Amino acid sequence: MTVTTDAAQALLKEGFAPWVQALDLSITEIGSTGATLTMPVAEHLERVGGIVCGQSLAAMADTAMVFACIGHMNRFHPVATTTLDTQFLRPATGDAIRCEAEVVRAGKALIFTRATLIAEPSEKPVATATATFFVP
């Protein structure tokens with residue numbers, strides 16, 4: 001069985017905290033090597049100056065990398081974030097943020113991932129992130 005974008009979107013709606021759901025994330029792709037999510041730029045995610053706040057970007061990256069793990073495992077299985085490192089490259093502005101997450105390496109107990117967050121429509125990277133997940 002393959003995890004579909006519709007099934008992943010349903011899991012996001014049902015299984016994630018309300019503050020993650022407030023990001024209004026859409027899962028546009030999910031597969032064995034990763035996942036892509038989008039987040040509309042909205043006033044409740046912005047800080048002073050009309051820039052998407054770093055906490056929103058980090059939460060988006062973490063969530064996208066969780067779905068990259070799910071896509072890699074090809075099933076819904078809980079994972080626990082053990083490390084998360086985010087680098088902010090430039091102010092996040094525009095209409096939406098796209099996050100492309102991929103699995104770098106997967107072992108029996110740990111999955112290593114990375115993500116790039118890109119402003120739309122400019123297509124400029126605004127942040128990168130790496131994370132390690134424990135598979136219980």
Side-chain angles (χ1 to χ4, degrees):
M1 175 183 123
T2 302
V3 176
T4 66
T5 55
D6 288 341
Q9 194 71 44
L11 176 65
L12 178 62
K13 184 178 180 182
E14 298 166 10
F16 284 71
W19 58 268
V20 174
Q21 293 178 32
L23 298 174
D24 196 21
L25 301 172
S26 295
I27 301 169
T28 59
E29 293 180 39
I30 188 165
S32 62
T33 59
T36 301
L37 281 66
T38 59
M39 176 178 70
V41 172
E43 189 175 312
H44 73 281
L45 302 176
E46 295 175 345
R47 65 173 189 82
V48 175
I51 298 165
V52 177
C53 71
Q55 295 92 332
S56 296
L57 296 173
M60 179 189 198
D62 182 63
T63 304
M65 290 184 282
V66 166
F67 278 99
C69 293
I70 290 168
H72 173 77
M73 293 183 288
N74 201 24
R75 63 188 172 109
F76 300 123
H77 186 78
V79 295
T81 307
T82 59
T83 66
L84 175 61
D85 185 33
T86 308
Q87 304 81 37
F88 301 102
L89 307 174
R90 66 172 41 92
T93 59
D95 297 332
I97 306 297
R98 182 178 76 246
C99 183
E100 300 173 352
E102 65 180 322
V103 171
V104 176
R105 182 182 182 284
K108 291 180 182 179
L110 295 175
I111 300 175
F112 301 88
T113 61
R114 70 175 153 229
T116 302
L117 292 89
I118 302 159
E120 295 180 342
S122 72
E123 293 296 315
K124 292 182 179 179
V126 296
T128 61
T130 58
T132 306
F133 294 93
F134 172 68
V135 182

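What's counted below: heavy atoms across the whole structure, side chains too, no hydrogens, waters or symmetry copies. Please read these numbers as outputs of a predicted model, since none were measured by experiment.
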Peer 1: Once you round to the nearest 0.5 Å, how far does CZ of Arg90 lie from CG of Leu117?
Peer 2: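 Spacing of CZ (Arg90) from CG (Leu117) equals 12.5 Å.
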Peer 1: Are any non-hydrogen side-chain atoms of Val20 and Leu12 less than 4.5 angstrom apart?
Peer 2: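 SC-SC contact between Val20 and Leu12 confirmed.
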Peer 1: Grouping I, L, V, M, F, W and Y whenever their side-chain heavy atoms are under 4.5 Å apart, do Leu89 and Ile118 come out in a common cluster?
Peer 2: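 The answer is no; the residues belong to distinct hydrophobic clusters.
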Peer 1: Considering non-hydrogen atoms only, spot the tightest contact between Thr86 and Ala129 and give its length.
Peer 2: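 Closest approach of Thr86 to Ala129, heavy atoms only: OG1-CB, 4.1 Å.
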Peer 1: Taking all atoms of both residues into account, what is the closest heavy-atom pair of Ile111 and Ala106, and its distance?
Peer 2: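 That would be CG1-CB, 4.1 Å.
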Peer 1: Please enumerate all residues that pass side-chain contact (heavy atoms from CB on, under 4.5 Å) together with Asp95, with sequence neighbours excluded.
Peer 2: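 Testing Asp95 for side-chain contact (heavy atoms from CB on, under 4.5 Å), a comparison that skips the adjacent residues, returns Pro121.
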Peer 1: What closest approach, in Å, do Pro40 and Leu45 show between heavy atoms, and which atom pair accounts for it?
Peer 2: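 So the two residues come closest at O-CD1, 3.6 Å.
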Peer 1: Out of curiosity, Phe133 CZ to Leu110 CG, how far, rounded to the nearest 0.5 Å?
Peer 2: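 Taking CZ in Phe133 and CG in Leu110, the distance rounds to 11.0 Å.
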Peer 1: Can you name the nearest heavy-atom pair linking Val126 to Pro91, along with the distance?
Peer 2: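 Nearest pair, atom of Val126 first, then Pro91: CG1-O, 3.7 Å.
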Peer 1: Would you say Val66 and Phe16 make side-chain contact, with heavy atoms under 4.5 Å?
Peer 2: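 Counting from C-beta outward, Val66 and Phe16 do come under 4.5 Å.
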Peer 1: So do Leu57 and Ile97 actually touch side chain to side chain, heavy atoms under 4.5 Å?
Peer 2: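 Contact flag for Ile97/Leu57 side chains = yes.
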Peer 1: Between atom SG of Cys69 and atom CZ of Phe134, what is the distance when rounded to the nearest 0.5 Å?
Peer 2: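 Answer for the SG-CZ pair, Cys69 versus Phe134, is 12.5 Å.
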Peer 1: Where do Trp19 and Ala59 come nearest, in terms of heavy atoms and distance?
Peer 2: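 Reported closest heavy-atom pair: CZ3-CB, 3.9 Å.
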Peer 1: Which residues satisfy the side-chain contact (heavy atoms from CB on, under 4.5 Å) test with Ala10, sequence neighbours excluded?
Peer 2: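 So Ala10 forms a side-chain contact (heavy atoms from CB on, under 4.5 Å) with Glu14.
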Peer 1: Is there a continuous path of hydrophobic side-chain contacts, each under 4.5 Å between heavy atoms, that joins Val41 to Ile51?
Peer 2: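 The answer is no; the residues belong to distinct hydrophobic clusters.
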Peer 1: With no hydrogens and no angle check, is any side-chain donor or acceptor of Asn74 less than 3.5 Å from a backbone partner on Val3?
Peer 2: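 Side chain of Asn74 to backbone of Val3, a donor-acceptor pair under 3.5 Å: yes, one is there.
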Peer 1: Not counting sequence neighbours, which residues clear side-chain contact (heavy atoms from CB on, under 4.5 Å) with Pro18? List them please.
Peer 2: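 With neighbours one apart ignored, the set is empty.
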Peer 1: Considering only heavy atoms from C-beta outward, does the side chain of Asp6 approach that of Gln9 to under 4.5 Å?
Peer 2: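 Heavy-atom side-chain distance check fails, nothing below 4.5 Å.
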Peer 1: Measuring from atom CG of Asp24 to atom OG of Ser56, what distance do you get when rounded to the nearest 0.5 angstrom?
Peer 2: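 So the gap between those two atoms works out to 12.0 Å.
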Peer 1: Under the rule for side-chain contact (heavy atoms from CB on, under 4.5 Å), what residues qualify as partners of Ala101, not counting sequence neighbours?
Peer 2: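 Partners of Ala101 under the side-chain contact (heavy atoms from CB on, under 4.5 Å) test: Ala64, Met65, Ala68, Ala115.
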Peer 1: Closest heavy-atom contact between Pro78 and Pro136?
Peer 2: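 Closest pair (atom of Pro78, atom of Pro136, distance): O-CD, 3.3 Å.
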Peer 1: So if you build clusters from Ile, Leu, Val, Met, Phe, Trp, Tyr with side-chain heavy-atom gaps below 4.5 Å, do Val103 and Leu37 land together?
Peer 2: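 Shared cluster, yes.
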Peer 1: Test: side chain to side chain donor-acceptor pair (under 3.5 Å). Region: residues 102-125. Which pairs qualify, not counting sequence neighbours?
Peer 2: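 Sorted result for residues 102-125: Arg98-Glu120, Arg98-Glu123, Glu102-Arg114.
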Peer 1: In the structure I gave you, are the side-chain heavy atoms of Val52 and Met60 within less than 4.5 Å of one another anywhere?
Peer 2: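 In short, these two side chains do not touch, never coming nearer than 4.5 Å.
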Peer 1: Could you note down all residue pairs passing side chain to side chain donor-acceptor pair (under 3.5 Å) where residues 27-55 supplies at least one of them, sequence neighbours left out?
Peer 2: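 Residue pairs with at least one partner in residues 27-55: there are none.
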Peer 1: Backbone N or O of Ile27 within a donor-acceptor pair of the Thr5 side chain at under 3.5 Å?
Peer 2: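 No, the answer is negative, given that no donor and acceptor are paired below the 3.5 Å cut-off.
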Peer 1: Counting C-beta onward and ignoring hydrogens, is there a side-chain heavy-atom pair between Phe112 and Thr130 closer than 4.5 Å?
Peer 2: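 Not touching, per the 4.5 Å side-chain cut-off.
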